[in-house]
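Below is one structure, written out as structure tokens, with a few remarks after it.
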Amino acid sequence: MTYQNDEASEMMHPFGLTAKQQRFVDEYLIDLNGTQAAIRTGYSAKTAAEQASRLLANVRIAKAVAARQAAIAGTLGVTQERIVAELAKIAFADIRKAVSWGRSPIDATSENARSNGLGIYPVELVPSDKIDDDTAAAVSEVSLTQTGIKVKMHDKKSALVDLGKHLGMFKRVEHSGPNGSPLQIEHAGELSKLSPEERAVIRQMVERRSSAANKVEDT
């Protein structure tokens with residue numbers, strides 16, 4: 001495919017993009033790395049980061065990227081529901097469904113404490129044809145090493161954070177005004193509409209500011 005280098009050339013692509021802008025979109029969708037996409041498109045490495053920022057801020061380019069991503073997701077059958085479901089499998093996985101082990105070498109009562117005759121109670125994997133699908137999806141790696149079998153699960157914390165963000169559970173509460181300025185309450189009557197917790201936060205802020213002002217006056 002031949003691309004025109006003049007970004008001001010005749011617009012022939014969907015969303016009114018020039019050939020060079022379209023190429024940037026194509027390159028960006030490879031790895032979602034704006035700087036590298038700009039370099040591959042033909043921009044100088046020295047200005048690639050700046051050019052990428054400018055291009056990605058372009059409304060037409062943003063729409064083209066979003067449309068292509070939606071088309072790819074549709075082709076692959078990727079939906080938000082599927083992504084959330086997979087994250088949930090990792091976030092709430094229980095390693096005991098993939099591995100069994102005795103509590104200690106001298107434990108003779110645990111259901112999993114089955115000695116191999118050498119005084120060692122090995123870790124045992126749940127066979128791949130017996131493990132449930134959700135637990136299997138949470139397993140990152142199973143490998144045979146010089147010291148035995150290694151089992152690695154996907155990062156639960158990362159999955160929990162991603163899942164929480166996706167569901168809007170980690171919303172930041174802003175306790176200051178614009179640009180970090182003090183919070184302005186224009187109508188005292190509005191305080192009655194706040195919850196006890198919100199009123200407590202405001203009271204603590206006022207007390208801290210008052211205390212800080214008194215310290216300044218005393219110096």
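Thr35 and Ala52 make their closest contact through N-CB, 3.8 Å (heavy atoms, listed as atom of the first residue, atom of the second, distance). Contact detail for Val84 and Leu163: the closest heavy-atom pair is CG1-CD1, 3.6 Å. In this structure, Val78 and Ile83 approach most closely via the heavy-atom pair CG1-CD1, 3.9 Å. Scanning all heavy atoms of the two residues, the minimum distance from Lys156 to Ala91 falls at NZ-O, 2.7 Å. Ala137 approaches Lys89 most closely through the heavy-atom pair CB-CD, 3.8 Å. Closest approach of His154 and Val139 over heavy atoms only: NE2-O, 3.7 Å.
The distance from the CG atom of Leu32 to the CD atom of Glu27 is 12.5 Å, given to the nearest 0.5 Å. Between the CG atom in Leu125 and the CD1 atom in Ile131 there is a gap of 8.5 Å [rounded to 0.5 Å]. Note that CG of Asn58 is 7.0 Å distant from CG of Leu17, once rounded to the nearest 0.5 Å.
If you chain together hydrophobic residues whose side chains sit under 4.5 Å apart, Tyr28 and Ile39 never meet in one group. Linking ILVMFWY residues whenever their side-chain heavy atoms come closer than 4.5 Å, directly or via other members, places Val151 and Leu144 in the same cluster.
Around CD of Gln69, the count of heavy atoms belonging to other residues, nucleotides or ligands within 6.0 Å exceeds 12. Lys97 NZ: 12 or fewer foreign heavy atoms inside a 6.0 Å radius. The environment of Glu141 atom CD is dense: over 12 non-hydrogen atoms of other residues, nucleotides or ligands sit within 6.0 angstrom.
Between the side chain of Thr18 and the main chain of Gln21, a donor-acceptor pair closer than 3.5 Å is present. Proximity of a side-chain donor or acceptor of Thr41 to a complementary backbone N or O of Ala37 within less than 3.5 Å is detected.
Salt bridge annotation for Asp155-Lys157: absent, with no cationic side-chain nitrogen under 4.0 angstrom from a carboxylate oxygen. Electrostatic pairing of Asp26 and Arg68 counts as a salt bridge here, judged by a charged N lying under 4.0 Å from a carboxylate O. A salt bridge between Asp31 and Arg40 is present, with a side-chain N of the basic residue lying under 4.0 Å from a carboxylate O of the acidic one.
Asp94 has its side chain out of reach of Thr135: every pair of non-hydrogen atoms, C-beta onward, lies at least 4.5 Å apart. Side-chain contact between Ile61 and Phe15 is absent, with no heavy atoms from C-beta onward closer than 4.5 Å.
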Under the side-chain contact (heavy atoms from CB on, under 4.5 Å) criterion, do Phe24 and Leu56 qualify, and how do the steps go? CA-CA 9 Å; Phe24 174 79; Leu56 291 172; 3.8 Å; yes
Test Glu124 against Val99 for side-chain contact (heavy atoms from CB on, under 4.5 Å), laying out the working first. CA-CA 6 Å; Glu124 296 182 356; Val99 180; over 6 Å; no
Take Met153 and Ser140 through the side-chain contact (heavy atoms from CB on, under 4.5 Å) test and state the conclusion after the steps. CA-CA 5 Å; Met153 306 290 282; Ser140 169; 5.8 Å; no
Show your reasoning for whether side-chain contact (heavy atoms from CB on, under 4.5 Å) applies to Lys20 and Tyr43. CA-CA 10 Å; Lys20 194 168 186 179; Tyr43 291 98; 3.7 Å; yes
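For Asp133, there are no side-chain hydrogen bond (donor to acceptor under 3.5 Å, both in side chains) partners, not counting sequence neighbours.
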